[in-house]
Amino acid sequence: MAERRFSINGEWAEKAPEGIRIGLTQGVVDDLGDITFVGLPELGTSLEAGTPAVALEAVKAALDLLSPLSGTVIGVNGAVVQDPSLLNRSPEDAWLFCLKGVPDDQWRSLWETADGNKNSEGRLS
Amino acid sequence: MTPPAAGPWNMAVDEILSRSVEAGGLPFLRFYEWKPGSLSLGRFQHPEWGLTPESQSVPRVRRMTGGGAIWHETELTYSLGCRTEHLPVTGVKASFELLSGFLLDTWKSWDWPAAWAKDTAIDPKSLGVPTAACFAGHEAYDILVGGKKLGGNAQSRSRTTIFQHGSIPIRLDFETLKTLFLKDFLPPRQQVTSLSEQGWTGSSAELIRVLQAAFVQRTSAQWKPSELSPDEQAEAEILVTEKHSSSFWLEKGNGSVRVQGPAMPTTH
């Protein structure tokens with residue numbers, strides 16, 4: 001199983017062969033409710049951690065999701081753009097975008113568990 | 001309460017107030033009106049979806065909040081903003097219930113048969129389906145009076161801040177709506193209502209006083225009137241020019257995220 005880690009804001013990040021895929025945890029999706037719009041970053045976009053990356057609308061609430069990691073966007077999941085309800089039905093599989101060139105220290109600073117008990121360096125969060 | 005103003009100014013002031021909250025400022029509740037009447041699009045709404053060619057020639061803005069288009073003319077609009085830590089709830093629906101509750105309380109206090117959409121006979125499957133016109137759709141926490149939708153509410157959220165807009169129609173001008181929305185996207189006339197249809201004859205100032213008191217009671221907030229500072233006024237003027245009157249924002253709504261969105265929906 002691919003290695004998966006979690007951000008403080010409730011995104012998951014998973015090492016895939018081509019890069020690191022980003023998605024939303026069940027907790028975030030449950031909090032949002034029915035997602036009706038997804039806008040993903042353009043391929044080739046250079047993202048900084050903590051800057052807006054994904055546009056979402058759920059239950060008439062519009063929000064910009066922040067990228068948990070820095071890197072270059074090398075892939076986007078068009079399926080969730082065409083059918084945003086995939087995020088509600090299967091958030092653990094429905095990735096949003098894929099980054100390449102993520103600094104290793106940023107990856108290591110993510111949590112090992114979704115509830116954020118500790119990161120890989122053993123620090124309590 | 002701010003004086004009736006053009007759409008871009010109204011949107012810019014909302015954004016300034018929202019930024020202030022995000023930066024640690026006090027929560028706010030604002031009431032305002034529109035002059036001239038304007039069409040507002042939802043944050044990610046396609047600029048042509050469900051709208052007539054004639055609608056392209058009326059004043060137009062794009063809201064920070066989600067949902068569908070609204071014609072603002074004979075209405076009172078409110079906006080409010082707070083940090084997530086100010087609320088005892090976290091979910092979107094729960095926050096709508098809390099933050100829109102003052103409206104429901106008010107209509108009920110007038111003995112109007114008001115209820116959340118989720119508590120009415122509306123088909124639960126129809127709740128949350130996106131619509132080009134805000135008033136044509138239903139969310140769980142829309143307010144229905146006698147089974148008819150009264151106004152609409154929508155939010156924008158960041159990690160730390162919740163901003164909510166709401167439209168409270170004093171009167172509904174269906175003749176104007178027919179010129180703005182394509183026939184298949186118009187809210188069905190028998191499914192929407194306004195304050196005047198329900199018998200309200202007071203002034204905007206009276207309505208604001210009642211709603212403000214209901215908000216304080218529902219949220220236990222303390223009320224302190226305030227005005228924009230000169231710096232905030234100046235910032236709002238810049239936002240009017242650089243964002244809320246710009247074709248970039250009006251056409252795509254790509255304020256902070258450059259995104260590839262879906263194709264324009266073809267059905268509602």
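Predicted model, so just to flag it, every value in this text is computed and none were measured.
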*Rounded to the nearest 0.5 Å, what separation is found between the CG atom of A/Leu63 and the CZ atom of B/Phe163?*
14.5 Å
_Engaged part of B/Tyr141 at the chain A interface, taking heavy atoms whose separation is under 4.5 Å_ = neither
*So, the side chain of B/Gln155 versus the backbone of A/Lys60: is there a donor-acceptor pair under 3.5 Å, distance only?*
no
*Between B/Gly66 and A/Ala62, what is the shortest heavy-atom contact and its length?*
N-CB, 3.8 Å
*Pairs of heavy atoms under 4.5 Å with chain A: top-ranked of B/Thr90, B/Leu127, B/Val89, B/Ile162*: B/Thr90
*What is the minimum heavy-atom distance between A/Thr36 and B/Gly128, and which atoms define it?*
CG2-O, 3.7 Å
*Side chain proximity check, B/Arg43 to A/Asp64, heavy atoms < 4.5 angstrom*: yes
*asked:* Taking atom CD as the centre, does A/Gln26 end up with more than 12 heavy-atom neighbours from other residues, nucleotides or ligands that are less than 6.0 angstrom away?
replied: yes
*How close do B/Gly67 and A/Glu57 get, heavy atom to heavy atom, and via which atoms?*
N-OE2, 2.6 Å
*B/Arg159 versus chain A, the contacting section by heavy-atom distance below 4.5 Å*: side chain
